[in-house]
Amino acid sequence: MLEIVVIWFRRDMRLNDHIALSKAVTYAKKHQYRLFAFYHLDPYFTKMELDLNHEHFFQNVAYFVKKARDSHLYVHLFHEDIISAFQQVMDVYDIKAVFFNEDEVGIGKKRDDHVTDYLEDKGIHVSKWQDTHLHGAKEVLKADGSHYQVFTPYYQSWRKQEKSPVIKVDHAFLGGEHVVCDEALSQQGDKQLRDIMKSCSRRFDQIGEDHAKKTLQSFIQKRMRDYHDNRDIPSVFGTSKLSRFLKTGTISIRTIFHAVSDEALFEDEGRETFIKELAWRDFYHMIYAHFPEMKEKEINSAFRGMKWNADEALFEAWCKGETGFPLVDAGMRQLNEEGWMHNRLRMITASFLTKDYLIDWRKGEAYFAKKLVDYDEASNIGGFQWAASVGTDAVPYFRIFNPITQSKRFDPSGEYIRRYVPELKHVNDDWIHEPSKMPLDEQTKSGCVLGDTYPFPTVDHQLRRKEAITLFEKEKQS
């Protein structure tokens, strides 16, 4: 049997700055083994009803596999359960080692632990690496070894720690006689991916390593200097737009950090504000690893008995962007159309769902999980628990976003609202944030008739604010 080293690709769809790939190549060269590239289409995800999140992800898989094969690294596709997939390879080849970048949280961690036990029982060397974050879940801890629960002290410690360098990969080894190309083994996986691609409802073009690198350079050159000022203005292209590439691993977090940090032109607040966002990503990942039940349970145990509103009609209005609050509706419609939403709007829409509608944060988190092409489980759960005032370092329950005030502050001219809520396109600036107050003649003139063209507010914000505070105080005292 041919002796091989397996490189198992997952949400790290790139051939540069890839720890497990670099280590696998080094190991294969040292022992004169062949390299076998492996990607597993997990039935857990392929059997789900496709929505924007998964359509985007699988299109990235297809793009990566084609690019890798074009570069003479044949990535084999498998679709059965993961153990059966590895067994197929073992039936043909002598696997000496398996390298992969591990998951430290969620179902990915359970899968990794299961596969590791199976392979090691077979006498196969397993080499796992932390590649998805600048610092893993156990790297930034308090002096006594416990984990942080508040971001600011975590960040102060995180900022002082040395960051791993960009990892070089020997591309000369990734081709020819050094790698295995067994098309017969990949037939079923190839067919499954083709079927998935055919069922996608839309196509995404901003995918792959090249687009990721161009987006990073564009951010550094054009937007990073003013990031701290513009990142909260949804009508302005002021964010990095790198999160979708981090989700699929088409660019490494190390590549981003060092490109930003090494840019000598920017010794300013914009860069530091952006770096702090990278730390938030690590922070929520660390929290999830230490509290693995947080997808279902509130971290703050005082609020685990909350009696949330079960009004499905209101939840549907939130999902569709038909709440009668323009900025909330604009954010939800952007999500539904693009699979992405400006971060300020993520906070506003999450707060509105949990504080104005008093609907369970888990329902909102699950909806975002279906739609967001940059869905990061730890950050999304952490963000929803933050907005709902039930998580770690969360906004106090008595501080509740006013959707009208937020609208006037962050979209003063209504440019963002008009972009995503066309019913309000011709509404005068005086009424764009509160169209429900428009006189009838203004409604007629603008073509926006309340209760017909655009809904009346579905709740009274001031009333719901009081109800929310009462609900939280009651739970806290019980």
Side-chain angles (χ1 to χ4, degrees), residues 8-15 37-71 73-82 85 103 106-108 111 132 183 185-215 241-251 316 319-321 331-342 345-346 349 364-377 379-380 419-420:
W8 179 10
F9 288 101
R10 298 107 76 80
R11 52 193 182 103
D12 46 10
M13 300 180 221
R14 62 185 186 276
L15 300 180
F38 177 108
Y39 189 92
H40 177 237
L41 297 165
D42 194 331
Y44 178 86
F45 296 108
T46 60
K47 291 178 181 178
M48 287 182 176
E49 181 180 353
L50 286 182
D51 214 318
L52 295 177
N53 175 6
H54 292 115
E55 289 189 8
H56 177 265
F57 191 85
F58 286 126
Q59 286 176 44
N60 270 275
V61 173
Y63 185 87
F64 168 69
V65 168
K66 182 180 185 305
K67 290 284 285 186
R69 290 177 180 179
D70 288 345
S71 300
L73 175 65
Y74 191 89
V75 177
H76 301 78
L77 287 171
F78 297 87
H79 180 244
E80 307 82 355
D81 72 87
I82 186 62
D103 282 336
I107 62 169
R111 174 204 58 208
T132 57
E183 296 183 17
L185 264 182
S186 195
Q187 284 182 354
Q188 184 181 353
D190 282 13
K191 181 182 182 303
Q192 181 65 32
L193 186 56
R194 285 195 299 270
D195 290 344
I196 292 172
M197 294 298 289
K198 289 176 185 176
S199 65
C200 288
S201 63
R202 62 164 295 173
R203 290 288 180 264
F204 294 92
D205 55 5
Q206 295 294 311
I207 57 179
E209 277 192 80
D210 291 341
H211 276 299
K213 291 174 183 176
K214 289 177 183 177
T215 302
K241 287 292 182 76
L242 287 166
S243 56
R244 67 190 65 202
F245 300 110
L246 283 172
K247 160 63 185 282
T248 54
T250 47
I251 194 168
E316 188 73 9
C319 291
K320 290 182 177 179
M332 294 306 296
R333 294 190 197 187
Q334 182 182 24
L335 174 65
N336 294 330
E337 291 173 23
E338 302 175 7
W340 187 84
M341 187 198 297
H342 191 281
L345 270 299
R346 297 187 197 201
T349 55
E365 197 281 325
Y367 189 77
F368 273 29
K370 292 193 302 181
K371 298 293 184 181
L372 285 172
V373 299
D374 65 353
Y375 177 70
D376 179 279
E377 190 171 39
S379 294
N380 198 57
R419 186 182 306 164
Y420 292 101

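All residue numbers in this chain count up from 1 along the given sequence. What you see is a predicted model, and the numbers here were worked out from it, not measured in a lab.
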Asks: Can you confirm if the aromatic rings of F38 and F78 lie within a centre distance of less than 6.0 Å?
Replies: yes
Asks: Can you see whether K247 engages N60 through a side-chain donor-acceptor pair at a distance of less than 3.5 angstrom?
Replies: no
Asks: Mark yes when over 12 heavy atoms from residues, nucleotides or ligands other than K241 sit less than 6.0 Å from its NZ; otherwise mark no.
Replies: yes
Asks: Among all residues two or more places apart in sequence or in another chain, which pass the side chain to side chain contact (heavy atoms under 4.5 Å, CB included) test with H211?
Replies: Q206, F245
Asks: Any side-chain heavy atom of H79 sitting closer than 4.5 Å to one from Y39?
Replies: no
Asks: Kindly indicate, with the supporting measurements, whether the criterion side-chain contact (heavy atoms from CB on, under 4.5 Å) is fulfilled by Q59 and F64.
Replies: CA-CA 9 Å; Q59 286 176 44; F64 168 69; over 6 Å; no
Asks: Given side chains that start at C-beta, do those of I82 and W8 come closer than 4.5 Å, heavy atoms only?
Replies: yes
Asks: Please give me the minimum heavy-atom distance between S199 and L50, naming the atom from each residue.
Replies: OG-CD1, 3.1 Å
Asks: Ion pair present between D42 and R10, side-chain N to carboxylate O less than 4.0 angstrom?
Replies: no
Asks: Any heavy-atom pair between the side chains of M13 and V65 that's under 4.5 Å?
Replies: no
Asks: Using the ring centroid of each side chain, check whether H56 and F204 are separated by less than 6.0 Å.
Replies: yes
Asks: Side chains of R194 and M197: closer than 4.5 Å at any heavy-atom pair?
Replies: no
Asks: Restricting to side chain to side chain contact (heavy atoms under 4.5 Å, CB included), what partner residues turn up for A37, sequence neighbours left out?
Replies: I7, F9, L73, V75
Asks: Among H54, R244, K370, E365, find the one that has a side-chain hydrogen bond (donor to acceptor under 3.5 Å, both in side chains) with Y375.
Replies: E365
Asks: Kindly compute the distance separating CG (L41) from CD (Q188), expressed to the nearest 0.5 Å.
Replies: 10.0 Å
Asks: Do E316 and K320 meet the salt-bridge criterion of a basic N to acidic O distance under 4.0 Å?
Replies: yes
Asks: Could you report the tightest heavy-atom contact between S186 and R69, atom names first, then the distance?
Replies: OG-NH2, 3.2 Å
Asks: Rounded to the nearest 0.5 Å, what separation is found between the CE atom of M341 and the CG atom of D374?
Replies: 10.5 Å
Asks: Checking side-chain contact (heavy atoms from CB on, under 4.5 Å) for the pair N53/L372: CA distance, chi angles, key distance, verdict?
Replies: CA-CA 5 Å; N53 175 6; L372 285 172; 5.7 Å; no
Asks: With heavy-atom distances below 4.5 Å as the criterion, would you say the side chains of V61 and L193 are in contact?
Replies: yes
Asks: Could you grab the distance from atom CZ of F45 to atom CZ of F57, nearest 0.5 Å is fine?
Replies: 8.0 Å
Asks: Is a side-chain donor or acceptor of H40 paired with a backbone partner of E80 at a separation under 3.5 angstrom?
Replies: yes
Asks: Go through the structure and list residues passing salt bridge (charged side-chain N to carboxylate O under 4.0 Å, His left out) with D103, not counting sequence neighbours.
Replies: R11, R111
Asks: K214: which residues meet the side-chain hydrogen bond (donor to acceptor under 3.5 Å, both in side chains) condition with it, sequence neighbours left out?
Replies: none
Asks: Hey, what do you get for CZ (R333) to CG (L345), rounding to the nearest 0.5 Å?
Replies: 13.0 Å
Asks: Tell me every residue that passes side-chain hydrogen bond (donor to acceptor under 3.5 Å, both in side chains) with K66, counting only those two or more places apart in sequence or in another chain.
Replies: D70
Asks: Rounded to the nearest 0.5 Å, what's the gap from OG1 on T250 to CG on L15? Could you check?
Replies: 11.5 Å
Asks: Evaluate the side-chain contact (heavy atoms from CB on, under 4.5 Å) criterion for residues Q192 and T46: first the C-alpha distance (whole Å), next the side-chain angles of each, then the deciding distance (0.1 Å), finally the verdict.
Replies: CA-CA 9 Å; Q192 181 65 32; T46 60; 4.0 Å; yes
Asks: Tell me, which pairs form a salt bridge (charged side-chain N to carboxylate O under 4.0 Å, His left out) where one or both residues lie in residues 50-61, sequence neighbours left out?
Replies: D51-K371
Asks: When rounded to the nearest 0.5 angstrom, what is the spacing between CZ in R14 and CD1 in I251?
Replies: 8.5 Å
Asks: Please determine whether side-chain hydrogen bond (donor to acceptor under 3.5 Å, both in side chains) holds for the pair E209 and Y63, giving the CA-CA distance in whole Å, both sets of side-chain angles, and the decisive distance to 0.1 Å.
Replies: CA-CA 10 Å; E209 277 192 80; Y63 185 87; over 6 Å; no
Asks: Quick one: does S379's side chain have a donor or acceptor within less than 3.5 Å of a partner on D376's backbone?
Replies: no
Asks: Take Y74 and L185 through the test side-chain contact (heavy atoms from CB on, under 4.5 Å) and record every step on the way to the result.
Replies: CA-CA 11 Å; Y74 191 89; L185 264 182; over 6 Å; no
Asks: More than 12 foreign heavy atoms under 6.0 Å from OH of Y44: is that the case here?
Replies: no
Asks: With heavy-atom distances below 4.5 Å as the criterion, would you say the side chains of D210 and K67 are in contact?
Replies: yes
